[in-house]
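First comes the structure, then the notes that go with it.
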Amino acid sequence: MLRDQTVTGIVRALLFGFAALLVAGFAVLAFTLGELAARPIAITGGLLVGMFLALAWLILHRLAQPLDRLALDVGIVARENPSHFLGLGTRHWLGRLTQGFEAMRSRLTSVEARGAQALAQAQNQEAAQKRWLEAILLDLTEGIVVCNLQHQVLLYNQAAAELLGGTQNFGLGRSLFPFLAREPVLHALERQMQRLESGWAAPAARFMCGAASGQRLLGARLGIVLDAKSAPNGYVLSFTELSEEETALAKRDDLLELATEELRAPIANLRAAAETLSQNPDLSDAQRAAFQKVVLDESMALSDQLEALARGYRELGGGRWMMAEMHSNDLIASLIRRLTGTPLQLTPTGLPDWLYGDSLSLLILLELLLRQLHSATGSEAFDIAVSRSENRIYLDLVWQGEPIRAEQLESWLSRPLVGGLGPLTGRGVLRRHGTDAWSQSAGAGTARLRIPVASAHAGAPRERPLRPQRPEFYDFDLLRHPVPTGRFADRQLKQLTYVAFDLETTGLRPADGDQVVAIAGVRIVNGRILTTETFERLVNPGRPIPEASIRFHGITDEMVRDKPPLAVILPAFHLFAADAVLVAHNAAFDITFLYREAEGALRFDQPVVDTLLLSAHLYPAEADHSLDAIAERLGLEVVQRHSALGDSLLAAAVLLRLLDRCEERGITRLGQLIAATDMAGQLRAHQHGLERHAEGSAS
């Protein structure tokens with residue numbers, strides 16, 4: 001217990017003890033010398049005791065308390081935030097000590113910078129390999145999942161998440177079998193293990209496996225992952241949806257049948273009619289007219305079937321023809337780079353948006369049209385405007401002058417494109433994008449050439465959602481430390497899965513009818529915040545949102561009018577957080593709303609960690625334990641404050657910093673942490689009770 005005592009407490013006890021001894025000494029002296037000496041001894045003793053108390057006050061406020069404050073600040077600088085500002089003020093006797101500390105802080109910062117640089121250099125190769133892995137996984141059209149032998153997910157790509165239910169349900173550390181049928185996977189794993197034991201390392205044959213929802217049938221392969229000693233410690237699953245392949249194969253077979261069997265009869269009839277006409281010049285007018293009608297009818301039928309064949313080919317090829325989401329700014333920037341060295345000047349206008357198509361073919365087509373427009377009109381300055389209309393995005397090339405004639409534009413679109421696209425024309429590019437191009441007046445002496453393309457946000461046949469810049473879909477440390485199951489209290493803190501969550505509400509009084517307007521959460525697995533595994537929903541509270549609350553979180557009645565109530569959303573959040581410890585700041589507030597709505601239907605029976613109480617336990621001398629104050633002390637950047645997801649992410653970052661501090665204090669298991677925060681909560685409740693009692697007495 002001695003290490004938890006403060007300098008102020010020790011010095012105060014010593015000074016008060018010495019003062020008591022001094023008073024007792026003067027009392028004994030006065031008693032020994034008798035009544036005549038008592039008065040001068042009392043006066044002299046009082047003066048000395050007063051001087052001593054004044055000196056004691058100076059020692060406490062100029063030395064002891066600054067030492068305690070310095071010790072707290074040194075701890076924060078040493079453990080969490082090297083740039084933390086010293087809170088000593090100016091009235092203290094620690095001048096040279098603080099100067100030495102500042103010099104030490106400067107050296108520590110310099111050493112940390114050099115260490116970080118050395119670490120970054122050492123990790124460059126590993127980071128490059130991870131970037132390659134990320135790029136490969138993101139661009140694979142097949143779903144990829146890596147599991148340990150306990151069937152917990154260690155790695156997955158976006159395609160896998162989409163096929164198995166999305167990242168709000170499917171994620172790192174979770175069991176594979178709520179999402180894939182168990183028996184086919186276990187059977188394939190057993191077969192691969194048997195092959196491995198027999199020394200046969202050939203890849204396994206494909207097997208069919210149903211998604212647990214029953215809505216998809218997947219074709220899959222399974223391979224074994226070996227550790228450094230060639231012992232199996234996991235497996236890799238690759239899979240794709242069979243229905244799409246079968247549909248494409250069926251369309252291909254139909255087209256082949258049309259191109260062979262269905263065209264055979266019209267061609268035979270045409271040949272017979274042509275041979276008859278050429279070999280019998282003496283046919284009567286009626287006979288000749290009949291054969292000519294056969295030629296006309298079969299030619300028309302053949303033309304219709306060829307058009308059907310071409311249309312089917314476009315549908316079959318266009319759906320898989322390098323289509324992807326792209327941002328208009330990226331497309332325009334590439335176009336400007338291709339025009340470097342030409343007299344053409346291109347100015348982007350309008351609001352940037354997301355398109356769906358093939359960026360290379362659109363880029364080459366736009367370049368062709370700009371060069372032809374320059375040649376035909378003499379204009380060198382063009383605007384490229386982006387605008388939206390429902391589920392279409394318009395790309396407009398705008399110039400000063402008159403519109404281009406339709407036949408002139410058609411001649412440009414009929415020319416073969418260059419740039420690695422083969423014998424493709426501009427018309428072919430438009431056809432495969434399901435669109436057209438035309439020229440029209442844009443008003444005020446300007447004209448435009450307009451190309452509508454599909455939007456990536458509405459109406460486009462999107463294969464998968466927009467991917468983040470730096471996905472975090474992997475964590476191979478889980479292979480060595482599987483996510484624990486069973487009793488939470490006996491688990492190491494860093495091996496637990498957490499869900500940090502936050503609510504936005506109509507007000508601060510749930511007992512008076514305030515309701516939830518937003519709920520969000522983020523998963524923390526193996527000490528890492530998985531920013532791609534988040535939950536975020538707006539909620540219809542069933543009542544108007546007060547202006548005071550709107551100013552706080554920015555959520556209006558219009559934003560939640562068409563949203564479902566919390567009772568509809570809560571089961572999805574319950575599934576998202578089912579296997580995790582809940583984390584919140586000032587958790588009692590959020591939990592009150594959560595438990596009230598879940599009562600009778602769902603059970604949130606996992607432990608709850610309150611970052612406010614955890615901070616109060618670790619930093620008892622600090623008065624402010626708001627989320628902003630803790631983040632500032634720990635050197636964390638605060639972004640999107642007072643949004644449910646922003647506060648969830650900040651609480652998650654605070655938790656990880658505080659868990660490092662817990663380990664230094666010997667708190668390594670959840671049971672210890674809950675006990676410590678419960679004690680902190682009781683102390684704060686007692687302190688607040690005393691403060692309210694003092695305020696009531698004063699009033």
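Predicted model, so just to flag it, every value in this text is computed and none were measured. Nothing fancy with the numbering, it's 1 onward along the sequence. Any value given below was found using the heavy atoms of this structure, including those in side chains, with hydrogens, waters and symmetry copies removed.
With hydrogens and angles left out, the side-chain atoms of Arg337 and Thr340 include no donor and acceptor closer than 3.5 Å.
Around atom CD of Glu402, no more than 12 heavy atoms belonging to other residues, nucleotides or ligands sit under 6.0 Å away.
For Arg523 (side chain) and Leu172 (main-chain N/O), a donor-acceptor pair under 3.5 Å exists by modelled atom type. A donor-acceptor pair is defined here as one N or O able to donate and one able to accept, closer than 3.5 Å; no such pair exists between the side chain of His374 and the backbone of Leu370. With Thr435 contributing its side chain and Pro452 its backbone, the two residues share a donor-acceptor pair below 3.5 Å. Checked by atom type and distance alone, the side chain of Thr349 never pairs as donor or acceptor with a backbone atom of Asp383 at under 3.5 Å.
When all heavy atoms are compared, the tightest approach of Trp412 to Leu369 is CE3-CD2, 4.2 Å. Of all heavy-atom pairs between Glu142 and Thr240, the closest is CG-CB, 4.3 Å.
Between Phe535 and Phe573, the ring planes lie perpendicular to each other; the angle is over 60°, past the 30° to 60° tilted range.
Listed by chain and number, the residues in a ring-ring contact (aromatic ring centres under 6.0 Å, His included) with Tyr235 are His151 (sequence neighbours excluded).
Remark: Arg392 CZ to Arg450 CZ distance equals 11.5 Å, nearest 0.5 Å. To the nearest 0.5 angstrom, Asp502 atom CG is 10.0 Å from Leu650 atom CG. Here the OH atom belonging to Tyr394 is positioned 12.0 Å from the OG atom belonging to Ser455, to the nearest 0.5 angstrom.
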